[in-house]
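Given the structure is predicted, the values throughout are model-derived calculations rather than measurements. Chain identifiers are assigned alphabetically (A, B, ...) following the order of the sequence lines, protein sequences preceding nucleic acid strands; residue numbering begins at 1 within each chain. Scope of the values below: all heavy atoms of this structure, side chains included, with no hydrogens, waters or symmetry mates.
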Number of protein chains: 2
Amino acid sequence: MSGTSSEVISLVSPSLTDCRDLISDALAKQKVLVVAGNCTVNYEGRAASKLTWGERVLMIKADGSVLIHRRSGYEPVNWQPPKCQFRISLEEGKRLSVLATRQKPKESLRILFDDITVLLALSLTDEGEFAMHVTEEQMKQAIMRDPSLVEHGLKLISEERRMGDSGFTDVYAEDTHGRLVVVEIKRTAASRNAALQLNRYVETLRKRVNRPVRGILAAPELRSGTSTLLAKLGYDFKAVSPARCFEVLKPRTDARLSDFL
Amino acid sequence: MSGTSSEVISLVSPSLTDCRDLISDALAKQKVLVVAGNCTVNYEGRAASKLTWGERVLMIKADGSVLIHRRSGYEPVNWQPPKCQFRISLEEGKRLSVLATRQKPKESLRILFDDITVLLALSLTDEGEFAMHVTEEQMKQAIMRDPSLVEHGLKLISEERRMGDSGFTDVYAEDTHGRLVVVEIKRTAASRNAALQLNRYVETLRKRVNRPVRGILAAPELRSGTSTLLAKLGYDFKAVSPARCFEVLKPRTDARLSDFL
DNA sequence: ACGTCGATCTCGAAC
DNA sequence: GTTCGAGGTCGACGT
């Protein structure tokens with residue numbers, strides 16, 4: 001019913017005493033722990049929560065983050081971000097308490113097991129590289145490299161000019177008529193909020209310079225109602241596809257990106 | 001090295017063929033799957049990502065949600081929200097492919113294992129109840145039930161009056177001098193953004209009514225700089241603690257909450 | 001179905 | 001250290 005090796009410890013129906021020792025050891029060695037069993041969970045900190053008895057999966061990762069998963073739901077029912085400290089203890093010999101605490105903000109998570117179905121301690125070897133593509137940042141890079149993606153003759157002035165209270169704008173440029181152009185970029189279908197955000201940038205800029213300022217919303221598409229609002233505010237929309245951005249980024253991009261294409 | 005029962009299947013170093021069969025069976029029975037092994041992951045959908053070879057933990061939950069965890073990090077490196085569909089297959093007998101697809105939005109996650117360290121299939125029995133306390137909504141409820149939490153003599157007018165472009169305000173009231181009061185509530189330390197949000201609400205309201213309008217920011221505390229901004233804008237701050245809100249909500253609250261208190 | 005907003009958001013970057 | 005905005009945000013609630 002159980003097996004061990006240097007790489008993995010897997011125990012089915014282990015005693016709580018064994019679990020205490022193995023969990024403490026695994027934490028010290030920064031292994032990844034997976035514990036399935038019957039438990040309650042109490043959280044106290046930024047908010048407070050209580051979860052009554054039931055079977056869940058506890059995962060403690062090498063950086064001290066904690067996840068408690070129920071049988072359903074993408075998100076953990078309870079958790080603790082990385083770098084928390086642990087105290088493992090047996091209560092009256094028949095309950096195993098896992099206490100994960102964190103300062104700043106001060107919060108604690110307490111998991112109490114009365115039965116453990118399976119315990120895994122894993123030494124994951126993982127030097128893999130994670131690469132994400134078509135982010136908003138990449139769209140911006142593409143537009144900065146080739147502003148004509150947004151409008152013919154557009155000239156880049158600077159990236160992310162500070163705009164006071166309104167935050168930043170994404171790209172700041174000049175059109176063929178010498179008018180300033182604020183380009184707000186969205187990776188996905190732009191909502192009315194995006195139009196309002198663009199409006200704040202343009203309004204802020206107009207207060208600071210004594211020349212015409214245009215606004216362009218650059219995104220793959222617009223959500224319903226956004227086109228109307230954009231027109232009302234007097235700004236333009238330019239459809240920019242992720243694929244086109246790829247094309248622009250391709251030549252100067254590293255091998256990892258190109259073998260994805 | 002392995003064990004099974006009606007409740008749990010736990011295999012250490014299983015063959016990929018066994019894994020294919022067990023995973024397919026577990027998915028059909030809506031069990032919770034935990035698979036640790038060497039894999040690559042590719043995502044394609046709202047964005048795109050690629051993760052090269054390394055050891056990770058894959059979890060597939062009863063509702064069809066998918067999580068891939070590396071040794072560190074609170075968040076899964078890749079995932080799929082609930083209700084996705086699966087296709088498990090052996091490629092050339094030496095790689096196990098787990099394909100999780102989702103429509104709306106159309107996206108897919110493909111995990112390819114060349115070695116599996118451990119496989120768990122769990123039937124979690126969990127009828128436990130989860131209760132969370134001190135949410136922003138509960139703070140609002142508390143303040144609506146007892147507006148004096150914010151200011152003596154404050155009278156509630158209506159909840160969440162629509163405020164046009166600015167969005168909503170949290171509580172709309174009247175003070176002892178008959179002035180309108182907009183109360184912006186934050187569960188945690190309020191930032192300058194909260195003050196600006198309050199300002200938008202008040203400004204919007206002032207355009208619509210021909211009478212004095214005050215603004216009050218109600219939160220456990222203020223972040224640095226917020227006090228100054230609030231004063232400059234001419235609004236008040238009222239410290240409202242989660243504990244006080246608890247007290248107000250206590251009497252009319254259900255048994256579950258009360259046994260937590 | 002879509003849009004909006006809160007979250008124990010988490011995470012990273014900028015200041 | 002704090003602040004701020006992005007997220008494959010997710011999830012809930014309203015229309």
Novice: Calculate the interatomic distance between Q197(A) atom CD and dT4(C) atom P; express it in whole Å.
Specialist: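 Result: 13 Å.
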Novice: Please determine, for the side chain of W79(A), which listed nucleotide (dC9(C), dG8(D), dC4(D)) has the closest atom?
Specialist: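 My answer, after comparing the listed nucleotides, is dC9(C).
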Novice: Counting any heavy atom closer than 4.0 Å, what does P105(A) reach on the DNA or RNA strands: base, sugar-phosphate only, or nothing?
Specialist: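 Counting heavy atoms under 4.0 Å across all strands, no contact is made by P105(A).
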Novice: Does the aromatic ring of Y74(A) sit over the six-membered base ring of dC10(D), closer than 5.5 Å centre to centre and tilted less than 30°?
Specialist: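 So Y74(A) does not count as stacking on the base.
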Novice: Atom CD in Q80(B), atom CG in L99(B): separation rounded to 0.5 Å?
Specialist: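 So the CD of Q80(B) and the CG of L99(B) are separated by 9.0 Å.
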Novice: Taking only N and O in the side chain of R200(A), is any of them less than 4.0 Å away from OP1 or OP2 of dG5(D)?
Specialist: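 No, because none of the side-chain N or O atoms of R200(A) sits under 4.0 Å from OP1 or OP2 of dG5(D).
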Novice: Looking at K83(A) and D63(A), is there a salt bridge between them, counting it only when a charged N and a carboxylate O are closer than 4.0 Å?
Specialist: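 A salt bridge is absent here (no side-chain N lies under 4.0 Å from a carboxylate O).
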Novice: Kindly point out which of dT8(C), dC11(C), dC10(D) is positioned nearest to the side chain of P81(B)?
Specialist: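 Nearest to the side-chain atoms of P81(B), counting from C-beta on, is dC10(D).
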Novice: In whole angstroms, how far is the C1' atom of dG8(D) from the CD atom of Q138(A)?
Specialist: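 Distance, rounded to whole Å: 13 Å.
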Novice: Are OP1 or OP2 of dT3(D) and a side-chain N or O of S224(B) less than 4.0 angstrom apart?
Specialist: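 Answer yes for this pair, as a side-chain N or O of S224(B) is under 4.0 Å from OP1 or OP2.
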Novice: Provide the distance between the two C1' atoms, one in dT10(C) and one in dG6(C), to the nearest whole Å.
Specialist: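 One C1' to the other, the span is 14 Å.
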Novice: Whole-Å distance between dC11(C) P and R70(B) CZ?
Specialist: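 Atom CZ in R70(B) sits about 14 Å away from atom P in dC11(C).
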Novice: State, yes or no, whether a side-chain contact exists between V98(B) and R110(B) at a heavy-atom distance under 4.5 Å.
Specialist: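 A side-chain contact is absent here, since even the closest heavy-atom pair is not under 4.5 Å.
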Novice: Classify the side-chain pair S49(A)/N42(A) by whether it contains a donor and acceptor separated by less than 3.5 Å.
Specialist: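 There is no such pair (donor and acceptor under 3.5 Å, judged by atom type) between the side chains of S49(A) and N42(A).
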Novice: What is the distance, to the nearest angstrom, from the NZ atom on K186(B) to the P atom on dC9(C)?
Specialist: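 Those two atoms, NZ and P, are 11 Å apart.
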Novice: What is the nucleic acid contact for K106(B), judged by heavy atoms within less than 4.0 Å: base, sugar-phosphate only, or nothing?
Specialist: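 K106(B): no heavy atom of the nucleic acid under 4.0 Å.
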Novice: Counting the atoms with a prime plus P, OP1 and OP2 as sugar-phosphate, which does T135(A) contact under 4.0 Å by heavy atoms, base, sugar-phosphate, or nothing?
Specialist: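 No contact at all - T135(A) keeps every heavy atom at 4.0 Å or more from the nucleic acid.
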Novice: Rounded to the nearest angstrom, tell me the gap between atom CD1 in I68(B) and atom P in dG8(D).
Specialist: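 Nearest whole value for this atom pair: 14 Å.
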Novice: What is the distance, to the nearest angstrom, from the CD atom on E75(B) to the C1' atom on dG7(D)?
Specialist: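 Value for this atom pair: 8 Å.
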Novice: With DNA chain D as reference, determine whether L109(B) or G225(B) sits nearer its 5' end, using the nearest nucleotide of each.
Specialist: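 Whichever sits nearer the 5' end wins; that is G225(B).
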Novice: Below 4.0 angstrom from OP1 or OP2 of dC4(D), is there any side-chain N or O of R192(B)?
Specialist: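 So the side chain of R192(B) is within the cut-off, an N or O lying under 4.0 Å from OP1 or OP2 of dC4(D).
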Novice: Take atom P in dC4(D) and the same atom in dG8(D), then report the distance between them in whole Å.
Specialist: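 Straight-line distance between the two P atoms is 22 Å.
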Novice: Test side chain to side chain contact (heavy atoms under 4.5 Å, CB included) on F130(B) and N78(A) and set out the steps.
Specialist: CA-CA 10 Å; F130(B) 179 72; N78(A) 280 109; 3.6 Å; yes
Novice: Between dC10(D), dT8(C), dG7(D), which nucleotide has the shortest distance from any of its atoms to the side chain of R187(A)?
Specialist: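 Out of dC10(D), dT8(C), dG7(D), the nucleotide with an atom closest to R187(A)'s side chain is dG7(D).
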Novice: Quick one, L51(B) and R70(B) - any side-chain contact, counting heavy atoms below 4.5 Å?
Specialist: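 In short, these two side chains touch, coming nearer than 4.5 Å.
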Novice: What contact category does Q80(B) fall into here, base, sugar-phosphate, or nothing, at under 4.0 angstrom with non-hydrogen atoms?
Specialist: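 It contacts base atoms.
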Novice: Of E107(A) and N193(A), whose closest DNA chain C nucleotide lies nearer the 5' terminus?
Specialist: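 Mapping each residue to its closest nucleotide by heavy atoms, the 5'-most match is N193(A).
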Novice: R223(B) side chain N/O closer than 4.0 Å to the phosphate oxygens (OP1, OP2) of dG1(D)?
Specialist: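 Checking R223(B) against dG1(D): no side-chain N or O falls below 4.0 Å of OP1 or OP2.
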Novice: State whether K104(A) places a side-chain N or O below 4.0 Å from either non-bridging phosphate oxygen (OP1 or OP2) of dT2(D).
Specialist: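 Checking K104(A) against dT2(D): at least one side-chain N or O falls below 4.0 Å of OP1 or OP2.
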Novice: Regarding P82(A), tell me which of base, sugar-phosphate or nothing describes its non-hydrogen contacts under 4.0 Å with the strands shown.
Specialist: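 Here P82(A) touches the backbone only, sparing every base.
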Novice: Rounded to whole Å, please give me the gap between CZ in F130(B) and P in dT8(C).
Specialist: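 Distance check: F130(B) CZ to dT8(C) P gives 8 Å.
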Novice: Nearest whole Å is fine: how far is dT4(C) P from L196(A) CG?
Specialist: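 Rounded to whole Å, this separation is 9 Å.
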